[in-house]
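Proteins get letters first, then strands, A, B, ... in listed order; numbering begins at 1 in each.
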There are 2 protein chains.
Amino acid sequence: MDRMNTAPTSADPGEPHWLTDEEQRVWRAYIDATTLLEDHLDRQLQRDAGMPHVYYGLLVKLADAPERRLRMTELAMSAKITRSRLSHAVARLEKSGWVRREDCPSDKRGQFAVLTDEGLEMLARHAPGHVHAVRQAVFDRLTPEQQKSLGEIMRIVAEGLQPSEAGADLPWLR
Amino acid sequence: MDRMNTAPTSADPGEPHWLTDEEQRVWRAYIDATTLLEDHLDRQLQRDAGMPHVYYGLLVKLADAPERRLRMTELAMSAKITRSRLSHAVARLEKSGWVRREDCPSDKRGQFAVLTDEGLEMLARHAPGHVHAVRQAVFDRLTPEQQKSLGEIMRIVAEGLQPSEAGADLPWLR
DNA sequence: TGGTGGAAGTTGAGGATTCAAGTACACGAG
DNA sequence: CTCGTGTACTTGAATCCTCAACTTCCACCA
């Protein structure tokens, strides 16, 4: 892959503008690290707690919520996943007994996902192992400055993708 | 599910040792950013090029390799995925015509994954859009210092998980 | 009131991923 | 030469995720 030309195709903005060598090194390091880490955590939780990392994250969010319950849409947004994915996930977590659905009294379309007692207990049982894995893979290896820097960087990236990332680049709104 | 070695779960450390509030904020920012970014890139490539981000990454690695070919195991290691996953992936990419398999002459068990001409052309066609997406989501938002920092951090994390990550936390080696 | 557009959530089909097995070959020791 | 162990890769089933409908219900307004 070598190319410095300026192919048009107005669909894509401006000229190619490739990544520099240094940027490529950063990007590959990012891909490698995130791939390895997600895989590592998935395996750890699958083995110990019998569920993928995302599912575990859902339970944690429920545990932190008032009444240990959240509306489906809230939970989905909080976890940055689609409602569809959440729907499937909750169905599975319900079968495992860690989550229960409840109708929302004020909105008949609404559903609450509620963390069950078994779910909470399961979290208590496996949280230490998970925290250990995270610590070992990430925090134990970084200096305090790097940890701070990582937080800032990730916040910036997340915010850029988060809000109405659609609206931001819709021509007629500019 | 097998259960050997039910010793006092040597995997779990002594006392919990939770994340501090600040560490939790960093960790959540990381999860949010990586989830959103992966999703964003997957969608972009699925829409434009008809394949998930990982598959695209495989093609890029082949394009960068001498002869545009790599042994299956090499490719899998380079992309940080399992051989099984790669096997399925290459089967799919083969059906789409972007990749072709070739027997290895020196080792009859071996297979090469080879990027086809259509695969290369496809990359040329969609690379600008992909680079643009990456740039827009990441590099355009970070200062040069942050980019450098990100690279260092990700390299550290990747290296910690990469090598014989198993051996590193095997009790009898400590 | 009754109609309409949108919000909340679910569903099913098709892809993608994982895990455990399985096939085929390589290679060194006897 | 052949046995045993390990490597390279594939396969199938179960699970998970995405995408595009689809159902039900809310909110608003004329």
Give one of base, sugar-phosphate or nothing for Asp42(B), where a contact means two heavy atoms less than 4.0 Å apart.
nothing

Anything under 4.0 Å to a heavy atom of chain A counts; send over the first and last such nucleotide of DNA chain D, read 5' to 3'.
dC16(D) to dC26(D)

Out of curiosity, Phe112(B) CZ to Asp103(B) CG, how far, rounded to the nearest 0.5 Å?
10.0 Å

Find the distance Leu86(B):CG to dT18(C):C1' and express it as a whole number of Å.
14 Å

Compare side-chain N and O positions of Arg43(A) against OP1 and OP2 of dC19(C) and report whether any pair is under 4.0 Å apart.
yes

Please report, rounded to the nearest Å, how far the C1' atom of dA16(C) is from the NE2 atom of His53(B).
16 Å

Roughly how many Å is it from CD in Glu38(B) to C1' in dT17(C), rounded to a whole number?
12 Å

Check the angle between the aromatic planes of Phe139(A) and Trp27(B) and answer parallel, tilted or perpendicular using the 30° and 60° thresholds.
perpendicular

Any side-chain donor paired with an acceptor under 3.5 Å for Ser149(A) and Ser149(B)?
yes

Of Asp107(B) and Met51(B), the one whose closest DNA chain C nucleotide lies more 5':
Met51(B)

Residue whose nearest DNA chain D nucleotide is more 5′ - Val54(A) or Lys108(A)
Val54(A)

For Asp39(A) and Arg43(A): C-alpha separation, side-chain torsions, deciding distance, then whether side-chain contact (heavy atoms from CB on, under 4.5 Å) applies.
CA-CA 6 Å; Asp39(A) 204 63; Arg43(A) 258 179 242 287; 2.6 Å; yes

Would you say Asp107(B)'s side chain and Arg109(B)'s backbone share a donor-acceptor pair under 3.5 angstrom?
yes

Are Ser96(A) and Arg92(A) linked by a side-chain donor-acceptor pair shorter than 3.5 Å?
yes

Whether the side chain of Glu23(A) engages the backbone of Thr20(A) through a donor-acceptor N/O pair (distance < 3.5 Å, no angle test) should be reported.
yes

Taking atom types as modelled and ignoring hydrogens, do the side chains of Thr143(B) and Glu145(B) form a donor-acceptor contact shorter than 3.5 angstrom?
yes

Rounded to the nearest Å, what distance is computed from the CZ atom of residue Arg109(A) to the C1' atom of nucleotide dG5(C)?
12 Å

Check whether any side-chain N or O of Glu94(B) sits under 3.5 Å from a backbone N or O of Arg101(B) as a donor-acceptor pair, and report yes or no.
yes

For nucleotides 11-15 of chain C, give me every protein contact, N/O to N/O, under 3.5 Å, one pair per line with atom names.
unit_1, atom_1, unit_2, atom_2, d
dT11(C), O4, Ser84(A), OG, 2.9
dG12(C), O6, His88(A), NE2, 2.8

Which is true for Asp39(B) with a 4.0 Å heavy-atom rule: it touches a base, it touches only sugar-phosphate, or it touches nothing?
sugar-phosphate

Whole-Å distance separating the CD atom of Gln111(B) from the C1' atom of dA24(C)
12 Å

